[in-house]
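Take a look at the structure below.
The residues of the chain are indexed from 1 along the displayed sequence. We count ligands from 1, going down the list as the structure has it; atoms in each ligand are counted the same way. Only a predicted model underlies this, so the values are computations on that prediction, with no experimental measurement involved. All values below were derived from every heavy atom in this structure, side-chain atoms included, with hydrogens, water molecules and symmetry-related copies excluded.
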Amino acid sequence: MQEREQWGSRLAFVLAAAGSAIGLGNIWKFPYITHENGGGSFVLLYLFCIAIVGLPVIIAEMMVGRATKKSPVAAIEELSGKNSPWKIMGLMGVAASFIILSFYAVVAGWVMHYTYLAFSDSFSGMKANQFSEVFNQIFVNPWLNFGWATIFMAITLFIVIGGVKDGIEKAVKILMPVLIVIMILLVINSIFLPNNGFEKALKFIFLPTGGLHGAAILEALGHAFFTLSLGMGAMLTYGSYLDDKTNLFKAGLIVVALDTIIALLACIIIFSIMFAYGGKVSNGAGLVFISLPQEFAKMNGGYFVSIAFFLLLFFAALTSAISLLEVPVAYLIDKGWARKKASFTMGISIWLLSIPCALSNSEFWKNKFASVTMFDFKEKTVFFNKMDYLASNWLLPLGGLLIAVYVGWFISDKLRSEQFKIGSNSERPFHYIPWVFFTAVVSPIIVSMIILIEAEVIDKKAINQFFDGLVGSKTTIKQIHK
Ligand code: PFF
C-alpha cells in the first residue's frame, strides 16, 4: 500500500475545497435559477438551505474523511465494518461523480469555446440574432461539443494524475487566487455600468418580493448540495488528505462562506450587465451563453470583460471537475491501485460517458438513436438534462441525507466530539451541540421531506398552499424538469 498523501497546508485544503465548491454551479447555474425563480425571495430561501443544511453536512463529510484518512467506501468499512450496508452511500458517490462529470465536461467545453470566441473578439461584430445562433451551433454540433469536452477532460485528468500535492494543490493555488482577483475586478466594473445597472441588480438579488413557486424549494435545496459539492463524498475525500490540526467547523464555514459570496457576486456581475444594457434575459443555460455576450458587444471594454468572464468560468469549472474525478480515483487507490492507473481508468470511463451527453443534442444522435426510448433521445436535450436532474434532485440530496444520518446517529459521540474540537481551544466548543442537532435532526427532516415531495409521496398541492400562506399570493407548482 502506498503512503497516503496529504495537503501541504491548511490553506491548500481550504483552497481545494473551495475550488470544488465554486464552479459552474455558482457562476452559470445559480444566476439562471435565481432569474427563473424571480430573484430576492429565492436567494433568501437558498441562503436558508445553505445555513441549516449545507454547513452541518459539509462538516460531517469532512469529518468522516479526516477521521479515517480514507475515501468514502473505505472510510465506512473502517468505521462500520466490511459488510456495513452504509457502503452503498460511498458507492452512490462514485456513481454520482460519473454522472455529474459527464455533463459537467460538456458545459465546461462550451465555456472553453466561448473563451476562445472572447479572445478572438468574435462578439463585437455580431448582430443580435447571431448570438443565439452561435450557442445553437455549439449546442447541436456534435464534433464541437465532443472536441471541447475531450480537451477539458484531458486537462482535468492531467492534474489529477499529478496527485494531491503536485497536481491538485498546485493547480488550486494558482487558479483560485486568479479566480478571486478576476471576480473582484468584474464586480468593480459592474459599479460603473450605465443606467444604474448595479443598483437594479442589487435590488433584484436582495429584495425579497414573494411570489415563490413551491418548486423553488426543491431547486434551492438541490442546488445547495450541488454548489457545495455535497452528498457524493467529494468533501469527504478532500477531508481525508487533511492533517489532524485543522478545525473542521472553521474550515467548513470558510468554504461555505466563499462559495456563497462568489455565487452572489456572480449574480451581481451578470445582472448588473443585463440591467445596464436592457437586454432580454434568456432563460436557462442561455443566460450566460446568449444574453451576456450580446451585452459584452455593446460595452466599453467589452472585449476584456468577456475574456475575464469566460476565463473565470473556465477556472471555476476546472477546480470543481478535479474534485469530481478525484472521488472515483481515490476509491480505486484505496483498493490498492496506483494513482496513474486509477486516474486513467476513471478519466477515460467518464469521458466515454460524456460522449452521449455531448452528442445528445445533435441531429446525428437523434437520428441514430431515436428508437432508444430508455433515455428519451427523441426529446431535445433530454439525456443531458436527465443527468443534471438525476444528480441534483436525487443522488446528491439522498447522499447528503445518508451522510447526515450516518454521522448524526451511527458514529460514536466520542469520535465526533474529538474531531470537532481539534484546533479549538475549548474542550467542548459551544457550537458542538447545535451542530449535532442540525446534522442529526434538522437536516434529515428537511432533506427527507424534499425527497418525499420529489417522489410525489407528499402532495405538491400542500406545498403550494404553504407557500401561498407564506407569501400571500397564489402560486402553482412549476413542473420543472418534466
Ligand atoms: N460544486 C460544483 C459547482 O457548484 O459547480 C459542482 C460539484 C463539484 C458537485 C464536485 C459535486 C462535486 F463533488
Please say whether G25 places an N or O atom under 3.5 Å from an N or O atom belonging to ligand 1.
yes

Numbering as shown, the atoms of ligand 1 that approach [X] to under 4.0 Å (heavy-atom distance):
X    : value
L24  : 5 (O)
S323 : 10 (C)
S20  : 1 (N), 2 (C), 8 (C), 10 (C)
A234 : 13 (F)
Y104 : 2 (C), 3 (C), 5 (O), 6 (C)
A21  : 1 (N), 2 (C), 3 (C), 4 (O)
M232 : 11 (C), 12 (C), 13 (F)

Give me the nearest non-hydrogen protein atom to atom 10 (C) of ligand 1 as residue plus atom name, then the distance to 0.1 Å.
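I find the closest protein heavy atom is S229 OG, 3.3 Å.
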
Quick one: look up the protein heavy atom nearest atom 9 (C) of ligand 1 and list residue, atom name and how far away it is.
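Minimum-distance protein heavy atom for atom 9 (C) of ligand 1 reads F226 O, 3.4 Å.
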
Parallel, tilted or perpendicular: which one describes the rings of [X] and [Y], with boundaries at 30° and 60°?
X    : Y    : result
W110 : W28  : perpendicular
Y114 : F310 : tilted
F204 : F271 : perpendicular
Y238 : W7   : perpendicular

Under the side-chain contact (heavy atoms from CB on, under 4.5 Å) test against P31, which residue among L292, N26, I270, I269 passes?
I270

Taking C-beta and beyond as the side chain, do T439 and I403 meet within less than 4.5 Å on heavy atoms?
no

Non-hydrogen side-chain atoms of I205 and L264 separated by less than 4.5 Å:
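Side-chain contact under 4.5 Å: yes.
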
